[in-house]
Amino acid sequence: MPPNLTGYYRFVSQENMDNYLRALDINVVLRKLVCLLKPDKEIIHTGDHMVIRTITSLRDYVMDFDLGVQFEEDLGPVDGRKCQTTVSWEGDQLVCEQLGEKRNRGWRHWMEGDQLHLRMTAEDEVCVQVFQKVK
């Protein structure tokens with residue numbers, strides 16, 4: 001049975017965000033700004049339904065979805081694109097596939113102890129973020 005990820009998580013670290021954003025064709029000014037942000041995550045996980053809020057001082061991004069059901073995700077606030085998105089479990093990892101203009105776009109979340117890990121991919125770039133569970 002997959003873990004329940006419900007909780008609030010504070011930003012700890014990230015690696016390779018600038019190159020990941022470059023692969024998404026984000027302009028240099030916005031890339032520099034995003035690299036300075038320290039987002040928090042709030043996850044509400046109820047059965048096969050999840051809400052993942054990414055919270056920053058600039059803007060929040062909310063994903064509200066049912067596991068295993070493809071939906072159109074409006075990534076306008078991120079890079080101006082729309083994707084056909086499906087989120088499902090692969091073992092203990094929550095895996096998101098975002099089909100659209102960019103190859104190999106998606107992410108995966110998993111827990112190690114009380115830390116939430118996030119691995120985001122686009123084209124050949126990988127960004128990893130780590131968050132500490134606080135409640």
Side-chain angles (χ1 to χ4, degrees):
M1 184 164 149
N4 188 311
L5 299 180
T6 294
Y8 194 91
Y9 303 85
R10 293 234 185 262
F11 177 85
V12 173
S13 65
Q14 71 186 7
E15 296 175 16
N16 204 38
M17 179 61 83
D18 189 64
N19 287 335
Y20 168 76
L21 295 172
R22 185 176 292 132
L24 292 173
D25 302 323
I26 305 297
N27 71 61
V28 66
V29 173
L30 189 53
R31 285 197 326 261
K32 297 303 177 194
L33 179 62
V34 170
C35 286
L36 293 174
L37 296 175
K38 295 179 176 15
D40 287 348
K41 294 270 185 188
E42 180 180 38
I43 300 176
I44 301 167
H45 180 180
T46 310
D48 285 339
H49 186 79
M50 295 187 84
V51 177
I52 300 176
R53 289 182 57 223
T54 303
I55 304 159
T56 72
S57 56
L58 187 63
R59 156 186 311 159
D60 294 353
Y61 181 72
V62 179
M63 281 187 77
D64 188 330
F65 58 91
D66 291 317
L67 293 164
V69 178
Q70 187 177 72
F71 63 97
E72 183 174 84
E73 182 179 11
D74 184 356
L75 292 162
V78 179
D79 66 354
R81 294 184 173 93
K82 291 186 178 181
C83 294
Q84 293 302 310
T85 299
T86 306
V87 182
S88 55
W89 289 105
E90 287 183 12
D92 287 347
Q93 295 190 7
L94 187 64
V95 177
C96 174
E97 181 178 31
Q98 297 167 314
L99 301 175
E101 295 175 35
K102 291 295 180 174
R103 178 181 56 78
N104 192 34
R105 185 169 186 174
W107 52 259
R108 58 181 60 228
H109 275 299
W110 70 94
M111 295 294 297
E112 289 182 14
D114 57 356
Q115 288 190 326
L116 177 72
H117 292 254
L118 170 60
R119 181 181 188 268
M120 299 177 286
T121 59
E123 301 290 329
D124 295 323
E125 295 298 335
V126 176
C127 174
V128 176
Q129 292 181 323
V130 178
F131 302 85
Q132 181 68 44
K133 187 169 187 176
V134 294
K135 58 179 173 176

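Along the sequence shown, the residues carry numbers beginning at 1.
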Tell me which pairs pass side chain to side chain donor-acceptor pair (under 3.5 Å) where either residue lies in residues 26-37, with sequence neighbours left out. D18-R31
Are any non-hydrogen side-chain atoms of L94 and P2 less than 4.5 angstrom apart? no
Any side-chain heavy atom of E90 within less than 4.5 Å of one from R108? yes
Please give me the minimum heavy-atom distance between Y61 and M63, naming the atom from each residue. CE2-CG, 3.5 Å
Would you indicate whether the side-chain heavy atoms of D48 and L67 approach each other to under 4.5 Å? yes
Only one of E125, Q129, Q98, R105 passes side-chain contact (heavy atoms from CB on, under 4.5 Å) with M120, and that residue is Q129
Any heavy-atom pair between the side chains of E42 and D60 that's under 4.5 Å? no
Between CD1 of I44 and CG of D64, what distance do you get to the nearest 0.5 Å? 9.0 Å
What distance do K102 atom NZ and L75 atom CG have between them, rounded to the nearest 0.5 Å? 13.0 Å
How about L58 and L33: do any of their side-chain heavy atoms sit closer than 4.5 Å? yes
Please name the pair of heavy atoms, one in A23 and one in A122, separated by the smallest distance, quoted to 0.1 Å. CB-O, 3.6 Å
With the side chain counted from C-beta on, respond yes when L116 and I43 share a heavy-atom pair under 4.5 Å apart, and no when they do not. yes
I'd like to know if V130 and V34 are part of one continuous hydrophobic network [Ile/Leu/Val/Met/Phe/Trp/Tyr, side-chain heavy atoms within less than 4.5 Å]. no
Distance check, rounded to the nearest 0.5 Å: I55 atom CD1 versus F11 atom CZ? 14.0 Å
Any donor and acceptor pair, going by atom type alone, linking the side chain of T6 with main-chain N or O of H45 inside 3.5 Å? yes
Other residues, nucleotides, ligands: >12 heavy atoms within 6.0 Å of Q84 CD: yes
Side chains of Y20 and C35, heavy atoms from C-beta outward: is any pair under 4.5 Å? no
Consider only side-chain heavy atoms of I, L, V, M, F, W and Y, link residues closer than 4.5 Å, and tell whether L24 and L99 are in one cluster. no
Residues passing the ring pair (Phe, Tyr, Trp, His ring centres under 6.0 Å) test with H49, sequence neighbours excluded, are none
For T121, enumerate each residue passing the side-chain hydrogen bond (donor to acceptor under 3.5 Å, both in side chains) test, keeping only those at least two apart in sequence or located in another chain. none
Give the C-alpha distance, both sets of side-chain angles, the deciding distance and a yes or no for side-chain contact (heavy atoms from CB on, under 4.5 Å) between V62 and V51. CA-CA 7 Å; V62 179; V51 177; 3.9 Å; yes
Tell me if a side-chain donor or acceptor on K82 pairs with a main-chain N or O of E72 at a distance below 3.5 Å. no
So, using side-chain hydrogen bond (donor to acceptor under 3.5 Å, both in side chains) as the criterion, who are the partners of T56 when residues are at least two apart? none
Pair listing, ring pair (Phe, Tyr, Trp, His ring centres under 6.0 Å) test, anchored in residues 108-135, at least two apart: W107-H109, W110-H117
May I ask you to test the M111-D92 pair for a side-chain heavy-atom distance under 4.5 Å? no
Please report the interatomic distance OG(S88) to CD(Q93), rounded to the nearest 0.5 Å. 11.5 Å
side-chain hydrogen bond (donor to acceptor under 3.5 Å, both in side chains) filter on D40, not counting sequence neighbours, yields Y8, R10
Grouping I, L, V, M, F, W and Y whenever their side-chain heavy atoms are under 4.5 Å apart, do V69 and V87 come out in a common cluster? no
Answer yes if F65 and L118 sit in the same cluster of Ile, Leu, Val, Met, Phe, Trp and Tyr residues linked by side chain heavy atoms under 4.5 Å apart, and no otherwise. yes
Gap between atom SG of C127 and atom CE of M17 - 0.5 Å precision: 4.0 Å
Give the cluster check for M50 versus F71: same hydrophobic cluster or not, with ILVMFWY residues linked at side-chain heavy-atom distances below 4.5 Å. yes
Residue R22 excluded, over 12 heavy atoms near CZ under 6.0 Å: yes
Heavy-atom donor-acceptor pair, E123 side chain to R103 backbone, under 3.5 Å: yes
